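Worksheet: one structure, shown below.
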Amino acid sequence: MKTLIAAYSGVLRGERRTKAARNEGANGGSALSTKGSGRWGTGSSILSALQDLFSITWLNRSKVEKQLQVISVLQWVLSFLVLGVACSAILMYTFCTDCWLIAVLYFTWLAFDWNTPKKGGRRSQWVRNWAVWRYFRDYFPIQLVKTHNLLTTRNYIFGYHPHGIMGLGAFCNFSTEATEVSKKFPGIRPYLATLAGNFRMPVLREYLMSGGICPVNRDTIDYLLSKNGSGNAIIIVVGGAAESLSSMPGKNAVTLRNRKGFVKLALRHGADLVPTYSFGENEVYKQVIFEEGSWGRWVQKKFQKYIGFAPCIFHGRGLFSSDTWGLVPYSKPITTVVGEPITIPKLEHPTQQDIDLYHAMYMEALVKLFDKHKTKFGLPETEVLEVN
């Protein structure tokens, strides 16, 4: 506004000089030349002012967008960490207030709706298309790379690697439309599978289901692959909690060698296996790594065994500065590459030999996928994917 006022003042001054020049011209002075210089001065002032204004506006808009990106990521991180517990506490407190009827109605609905997550949940295209997810995507940024077409007449199990601390790439690519997964794989319905315990948390369960997230258990996967038609793609973060414990920047390692349950499920339903690797997933958080045999690793394994997740001590950047510690992940690029599907036969009672055969094929395909794309995303040719 100040810039425009200054420009307008310049215009007025130019007009005054022009009028004065005309008066002098009536007496035979050099009115024409003065008039011309007044016009040129006015145009230059306006042009300069507009350039300054557009420059300031662009800088302010860029700054606002960056802050919106940070906020969009932070709200998801906080939802992931505390939304379920916070909503449970609020509802329990509501029982002790005059608003107790609200809590009663919700828990009545919860009992009625308890098995909905096992049947694929309640996906909402409106939620999946929220603008907040586009800010989420652009913060890192996150990209989804398609290498092969997927037939809508088949069902699929995507093995997602690595887990990272929170599986940010898996969430953005398959539980939102920010990277246009439905356009890249038309006719395919992605279901990101996560801990079943999350769906016992009030409100959090509704939030997760709206994005197409489902429990990672046998009942849910059996239902989606046998009673939900074709064109379903279940994304399983195969390494799980154990893999998250070794997540650290600069390390490309997956926990896969003894993880064969997803292969058995694929064989029982004839669902094709799709190796998927997310470059940069391990770069967005720094973690305190406890060595095997230490008390810290012992505690983590106990949590993993009895609760289903392993608590990690990690940090990212602060909310207002990248030089401080906080829960906001570092803005490092995450690129998720979806590989070529491995055709799997339907065997109602697969033998261990069958499982081992297709598991070996899957591991080989994952390593090839990593080697083929690693140099495109900043890794040296000598980098090797560690398969544990």
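Positions are given from 1, in the same order as the sequence printed here. For clarity, every value in this text was computed on a predicted model and none was experimentally measured. In what follows, every heavy atom counts, from backbone to side chain, and hydrogens, waters and symmetry copies are set aside.
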Is it the case that one hydrophobic cluster holds both [X] and [Y], taking links as side-chain heavy atoms less than 4.5 Å apart, direct or via other members?
| X | Y | value |
| --- | --- | --- |
| Ile234 | Val181 | no |
| Val338 | Phe377 | no |
| Ile342 | Ile188 | no |
| Tyr106 | Phe95 | yes |
| Trp76 | Tyr330 | no |

Quiz item: Can you check side-chain contact (heavy atoms from CB on, under 4.5 Å) on Lys251 and Glu386, steps first, answer last?
Solution: CA-CA 9 Å; Lys251 185 173 184 178; Glu386 181 182 332; 4.1 Å; yes
In Å, rounded to the nearest 0.5 Å, how long is the span from [atom1] of [X] to [atom2] of [Y]?
| X | Y | atom1 | atom2 | value |
| --- | --- | --- | --- | --- |
| Asp356 | Thr351 | CG | OG1 | 8.0 Å |
| Ile221 | Cys214 | CD1 | SG | 7.0 Å |
| Arg317 | Asp323 | CZ | CG | 9.0 Å |
| Lys332 | Asn282 | NZ | CG | 13.5 Å |
| Ile344 | His269 | CD1 | NE2 | 13.0 Å |
| Met201 | Leu91 | CE | CG | 12.0 Å |

Can you establish whether the number of heavy atoms outside [X] located under 6.0 Å from its atom [atom1] is more than 12?
| X | atom1 | answer |
| --- | --- | --- |
| Phe107 | CZ | yes |
| Glu348 | CD | no |
| Lys66 | NZ | yes |
| Lys260 | NZ | yes |
| Lys286 | NZ | no |
| Ile102 | CD1 | no |

For a 4.5 angstrom cut-off between non-hydrogen side-chain atoms, does [X] reach [Y]?
| X | Y | answer |
| --- | --- | --- |
| Ile165 | Val284 | no |
| Thr147 | His373 | yes |
| Asp138 | Glu65 | no |
| Leu265 | Asp222 | yes |
| Arg218 | Arg268 | yes |
| Tyr156 | Leu151 | yes |
| Asn155 | Asn228 | no |
| Ile235 | Leu192 | yes |

Quiz prompt | Sequence-distant partners of Tyr135, ring pair (Phe, Tyr, Trp, His ring centres under 6.0 Å), two or more places apart | solution = none
Practice problem: Quick one: list whatever passes salt bridge (charged side-chain N to carboxylate O under 4.0 Å, His left out) with Glu340, sequence neighbours left out. | Solution: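 Result, salt bridge (charged side-chain N to carboxylate O under 4.0 Å, His left out) vs Glu340: none returned.
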Would the distance check show the side chain of [X] and the main-chain N or O of [Y] forming a donor-acceptor pair, the cut-off being under 3.5 Å?
| X | Y | value |
| --- | --- | --- |
| Lys184 | Val145 | no |
| His359 | Lys264 | no |
| Asn217 | Thr220 | yes |
| Gln75 | Ser72 | yes |
| Tyr139 | Pro329 | yes |
| Glu243 | Gly164 | no |
| Ser124 | Ser210 | no |
| Tyr362 | Gly159 | yes |

Exercise. Flag this pair as yes if the NZ/CZ of Lys146 is under 6.0 angstrom from the six-membered ring centre of Phe185 and inside a 45 degree cone about the axis; otherwise no.
Key: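 The answer is yes, since Lys146 meets both limits relative to Phe185.
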Closest heavy-atom pair and its distance - [X], [Y]:
| X | Y | answer |
| --- | --- | --- |
| Arg128 | Pro190 | NH2-CG, 3.8 Å |
| Leu150 | Pro341 | CD2-CG, 3.9 Å |
| Thr179 | Asn173 | OG1-OD1, 2.9 Å |
| Ile142 | Cys172 | CD1-CB, 3.6 Å |
| Leu273 | Pro275 | O-CD, 3.8 Å |
| Pro202 | Cys87 | O-CB, 3.5 Å |

Quiz item: With ring centroids as reference points, do Tyr191 and Phe174 lie under 6.0 angstrom apart?
Solution: no
Quiz item: Do the two ring centres, one from Phe290 and one from Trp295, sit under 6.0 Å apart?
Solution: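 Yes.
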Practice problem: Apply the test side-chain contact (heavy atoms from CB on, under 4.5 Å) to residues Thr152 and Ser230: give CA-CA distance (whole Å), side-chain angles for both, the deciding distance (0.1 Å), then the verdict. | Solution: CA-CA 6 Å; Thr152 57; Ser230 60; 5.6 Å; no
Practice problem: May I ask you to decide if the ring planes of Phe112 and Trp109 are parallel, tilted or perpendicular, using 30° and 60° as cut-offs? | Solution: tilted
Quiz item: Would you say the side-chain atoms of Ser247 and Tyr285 include a donor-acceptor pair closer than 3.5 Å?
Solution: no
Practice problem: For the residue pair Tyr277 and Asn252, confirm or rule out a side-chain donor-acceptor distance under 3.5 Å. | Solution: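 On atom types as modelled, these side chains qualify, holding a pair under 3.5 Å.
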Exercise. Quick one: list whatever passes side-chain contact (heavy atoms from CB on, under 4.5 Å) with Trp114, sequence neighbours left out.
Key: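 With sequence neighbours excluded, Trp114 shows a side-chain contact (heavy atoms from CB on, under 4.5 Å) to Leu110, Arg200, given in chain and number order.
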Practice problem: Please test Asn388 against Arg257 for side chain to side chain donor-acceptor pair (under 3.5 Å), starting from the C-alpha separation and ending with a verdict. | Solution: CA-CA 6 Å; Asn388 299 314; Arg257 200 170 297 279; over 6 Å; no
Quiz item: So Glu281 and Val237, side-chain contact (heavy atoms from CB on, under 4.5 Å) or not? Walk me through it.
Solution: CA-CA 12 Å; Glu281 186 72 65; Val237 186; over 6 Å; no
Self-check item: Candidates Trp133, Phe80, Tyr207 - the one meeting ring-ring contact (aromatic ring centres under 6.0 Å, His included) with Phe171
Solution: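 By the ring-ring contact (aromatic ring centres under 6.0 Å, His included) criterion, Phe171 pairs with just one of Trp133, Phe80, Tyr207: Trp133.
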Quiz item: Of Asn232, Thr343, Asp272, which meets side-chain hydrogen bond (donor to acceptor under 3.5 Å, both in side chains) against Arg154?
Solution: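 The residue from Asn232, Thr343, Asp272 that satisfies side-chain hydrogen bond (donor to acceptor under 3.5 Å, both in side chains) with Arg154 turns out to be Asp272.
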Quiz item: Could you go step by step and tell me if Met166 and Leu81 meet the side-chain contact (heavy atoms from CB on, under 4.5 Å) rule?
Solution: CA-CA 10 Å; Met166 294 186 185; Leu81 295 176; 4.0 Å; yes
Quiz item: Is it true that Arg122 and Glu206 make a salt bridge, defined as a side-chain N closer than 4.0 Å to a carboxylate O?
Solution: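 Glu206 and Arg122: salt-bridged.
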